[in-house]
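Below you'll find the structure, written out as C-alpha cells, and then a few comments.
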Amino acid sequence: MPELPEVEVVRLGLAPAVTGATISGVEVFDTRALTRHGGDASDFEARLRGRRMLGAARRGKFLWMPLAPPAGHAAGAGADEALVAHLGMSGQLLLRAPGADDGRHLRVRVGLEHPEHGELRVDFVDQRTFGSLAIDELVPTSDGAAGGYGAAAPLVPSQVAHISRDPLDEAFDDAAFAARLARKHTAIKRVLLDQTVLSGVGNIYADEALWAARIHPETAASALSTRAVGRLLAQVRAVFEKALVEGGTSFDAQYVNVNGEAGYFAHSLNAYGRGGEPCPRCTTVITRVPFGGRSSHFCPRCQRKK
DNA sequence: GGAATAACCTGGATGC
DNA sequence: TGCATCCAGGTTATTC
C-alpha cells in the first residue's frame, strides 16, 4: 500500500524522466482516475498536451509535477499549475517504453518527449481505482517554505494545501505537532492517520512506529508525555527511512516502483500483519484488533495501555 | 468544531 | 467447480 516511503520511491524514479520533458500525448481510459480533476477527460487531455514538466515533488502521499505555462504565456513565468497524483491503495506510475504492453488496469497514459531520454510513457495503473490524477493550481504555502520534497518553490497544489508536512520534511514543526497532540483526546493511532496533523503515515507504518515506540495504539494522544511524543516522532522517521532504503513495502503486487519492481520492507515488519506471531522483542503473541474498519497490530506486553 | 463512521472499489482468499 | 462472503485500506462526505 503506497504510504510515504513508497510514494517517495516513485518520485525518485520519476524525477529524472519527467523533468524537462514535454507531454506529447494523453489518453484517458477510465474517467474514475480523474475524480480529483475539476474537468472531464477531454479537458484533462487538452490542458496537458504540449506542456513541459518541471520536476517531481511530494508532500505526504501526494505527488505532483509542476507544469510550465502553456505556449503563448509570458516567457520565463514560473509554474502555476501541476499534474497531481495520489496512488490511493493500488495506484502505480510506471515508466514504460512507447511500444510496451499495456498490462491490466491501465487508467491513464501520458506520452513524454524528453530532450535526453527521447520518447517515454508514464502509465497510471490502478486496480482498485482509489488513486487519481488531476490538474490543479499551485498556491503559496502557509509557512513560506518549499511546498514539499523535491519542490524548489514555496508552492503547493490547492488540493494538497490542507495536508500537513511529513516528518521527513525539513520544515516539519516538531513543537507544533506536539501541541496538536496535546489537544487531541482520541487514540494516537487515529491521529497518526490524520493527514492534516502528520502526513505520509498509513496503517502499516502507524503500527510499526507505535510498536517501535512501545505505545499502545488506543492511548489518548493528549495523554502522551513530551518524552513519548519525541520517541514516537523519532520512530516514525526511523521506520520511514529504513523502508526507503529497502524500496518500500510490497504486498500482493499492490506497490511497485516506476520500473515495476517490488520493495523489500515487508520482510522487516515487526507488528503489522503479524497477528498471532511472537513479538520480535519479547515473544508475546502479537494481537490483531479491528480498528475503524481496518486492523491494528500491537504487542500487548511491550505496548501497554495506560 | 471534534470525533466517528460509511462509502468508494477490485481481486485474492476462504468457506460451503 | 462455482458461488458467496470477507478482507485489505486512503480519502472524503456525512452524521453524531
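Chain A is the first sequence line, chain B the second, and so forth, proteins listed ahead of strands; every chain is numbered from 1.
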Could you work out which one of [options] sits closest to the side chain of [X]?
| X | options | value |
| --- | --- | --- |
| A/R36 | B/dG11, B/dA4, C/dT12 | C/dT12 |
| A/R128 | C/dT11, B/dA4, B/dC9 | B/dC9 |
| A/T129 | B/dC9, B/dG11, C/dT11 | B/dC9 |
| A/R190 | C/dT11, B/dC9, B/dT5 | B/dT5 |
| A/R104 | B/dG11, C/dT11, B/dA3 | B/dG11 |
| A/R32 | C/dG10, C/dT11, B/dC9 | B/dC9 |
| A/H162 | C/dG10, C/dT12, C/dA8 | C/dT12 |

Under-4.0 Å side-chain N/O to phosphate OP1/OP2 contact, [X] with [N]:
| X | N | value |
| --- | --- | --- |
| A/H185 | B/dA3 | no |
| A/R180 | B/dG2 | no |
| A/Q127 | B/dC9 | no |
| A/K184 | B/dG2 | no |
| A/S295 | C/dA8 | yes |

With a 4.5 Å heavy-atom cut-off, do A/E8 and A/F240 have their side chains touching?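 With C-beta onward as the side chain, the pair stays apart.
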
How many Å lie between [atom1] on [X] and [atom2] on [N], as a whole number?
| X | N | atom1 | atom2 | answer |
| --- | --- | --- | --- | --- |
| A/E218 | B/dA3 | CD | P | 16 Å |
| A/I204 | C/dC7 | CD1 | C1' | 14 Å |
| A/N203 | C/dC7 | CG | P | 15 Å |
| A/H105 | B/dG12 | NE2 | P | 7 Å |
| A/L181 | B/dA3 | CG | P | 11 Å |
| A/D194 | B/dG1 | CG | P | 16 Å |
| A/L193 | B/dT5 | CG | P | 14 Å |
| A/F291 | C/dA8 | CZ | P | 14 Å |

Mind checking whether A/F62 and A/H86 have parallel, tilted or perpendicular rings, split at 30° and 60°?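 If you compare the ring of A/F62 with that of A/H86, the planes turn out perpendicular.
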
Contact nearer the 5' end of DNA chain C, comparing A/F130 with A/Q159: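 The residue whose closest nucleotide sits nearer the 5' end is A/F130.
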
Under 3.5 Å, is there a donor-acceptor pair between the A/S268 and A/E246 side chains?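 There is such a pair (donor and acceptor under 3.5 Å, judged by atom type) between the side chains of A/S268 and A/E246.
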
Stepwise, does the side-chain contact (heavy atoms from CB on, under 4.5 Å) test hold for A/F130 with A/S90? CA-CA 7 Å; A/F130 278 20; A/S90 56; 5.9 Å; no

Does A/R183 or A/R294 map to a spot on DNA chain B nearer the 5' end, using the closest nucleotide for each?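 Per heavy-atom nearest nucleotide, the more 5' residue is A/R183.
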
Could you check whether A/T35 gets within reach of a base, just the sugar-phosphate, or nothing at all, counting any heavy atom under 4.0 Å?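 Nothing: the residue A/T35, judged by heavy atoms under 4.0 Å, touches no strand.
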
I'd like to know whether A/D102 forms a salt bridge (charged side-chain N to carboxylate O under 4.0 Å, His left out) with A/R96, so could you lay out the CA-CA distance, the side-chain angles of the two residues, the decisive distance to 0.1 Å, and finally the verdict. CA-CA 9 Å; A/D102 287 347; A/R96 286 172 166 160; 5.4 Å; no

Salt bridge between A/R237 and A/E241, side-chain N to carboxylate O under 4.0 Å?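 Looking at A/R237 and A/E241, the cut-off is not met.
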
